[in-house]
Amino acid sequence: MRLFAAIELSESIRAQLAAVRAVVVAADPSWAQEKWVAPENFHITLRFFGEVPDDDAARVLDAVGDAIAGLATPRFEAVRVLATPNVRRARMIWAEWDDVGRIAESAVHAITAVLPEYSPDAEKAFRAHATLCRARQPKGLVSEAMAAATSALNCNDEAMSVPAVSLISSRLTPRGPVYVTIGTRHFGGK
């Protein structure tokens, strides 16, 4: 199965992220038909493991738990919506979090260390973000859309305490990915 370790977002934050779509489309209607992520699929990926044999899923979940057991619970605060790599040739629209701090990055490194065989993107820099939309092809986006979307993102007042990391399986379908949470493990080993 195709697995990744992720932080699942609260319902209130998912609702705020979903509202960003309307703001972006109002500012730039050409984005209305792009591939917007379903609100129930919003998450922050810590580590993508790729294809993992079904028999290894429990071992991967336990290894994730071991990796984060000694770490304090991180807090995140959403601060901006941005187009990547830039507004002139955007491939994706993200909500990005600041104040991830050393704890989340430590979790990423610890998970990679205990599961090197399942860390194909181990050298990739970690950025705490939730993907909101994927463009079918790189395209321009009016810069006002990003400013309006960031203004609409009211998560600034809602810092998110993250007690656990989930191991999620992803099955790709023509209608988009289907995610199933295999299990969770808590920071601090609780």
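These values consider heavy atoms only, across backbone and side chains, with no hydrogens, waters or symmetry-generated copies.
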ILVMFWY cluster, Ile182 and Leu9 together (side-chain gap under 4.5 Å):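 Linked within one cluster.
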Determine whether Val23 and Met146 fall in the same hydrophobic cluster, where Ile, Leu, Val, Met, Phe, Trp and Tyr are linked whenever their side-chain heavy atoms lie under 4.5 Å apart. no
Indicate whether any N or O donor in one side chain lies under 3.5 Å from an N or O acceptor in the other, for Arg80 and Thr150. no
Going by side-chain contact (heavy atoms from CB on, under 4.5 Å), name the residues that satisfy it together with Leu132, two or more places apart in sequence or in a different chain.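 Only Leu17, Val20, Trp36, Phe42, Val81, Ile93, Ala95 meet the side-chain contact (heavy atoms from CB on, under 4.5 Å) criterion with Leu132.
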Can you name the residues that form a side-chain contact (heavy atoms from CB on, under 4.5 Å) with Ala135, not counting sequence neighbours?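 Ala135 satisfies side-chain contact (heavy atoms from CB on, under 4.5 Å) with Trp31, Glu34, Lys139 only.
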Could you check if a side-chain atom of [X] sits within less than 4.5 angstrom of a side-chain atom of [Y], using non-hydrogen atoms only?
X      : Y      : value
Phe4   : Ser170 : yes
His129 : Ile44  : no
Arg14  : Glu8   : yes

Main-chain N/O of [Y] paired to [X] side chain as donor or acceptor, under 3.5 Å:
X      : Y      : value
Asp28  : Val142 : yes
Arg89  : Thr84  : no
Arg136 : Gln33  : yes

Should Arg59 and Asp62 count as an ion pair when the cut-off is N to O under 4.0 Å? no
Between Phe49 and Ile168, does a side-chain contact (heavy atoms from CB on, under 4.5 Å) hold up when you go through it step by step? CA-CA 10 Å; Phe49 300 119; Ile168 299 173; over 6 Å; no
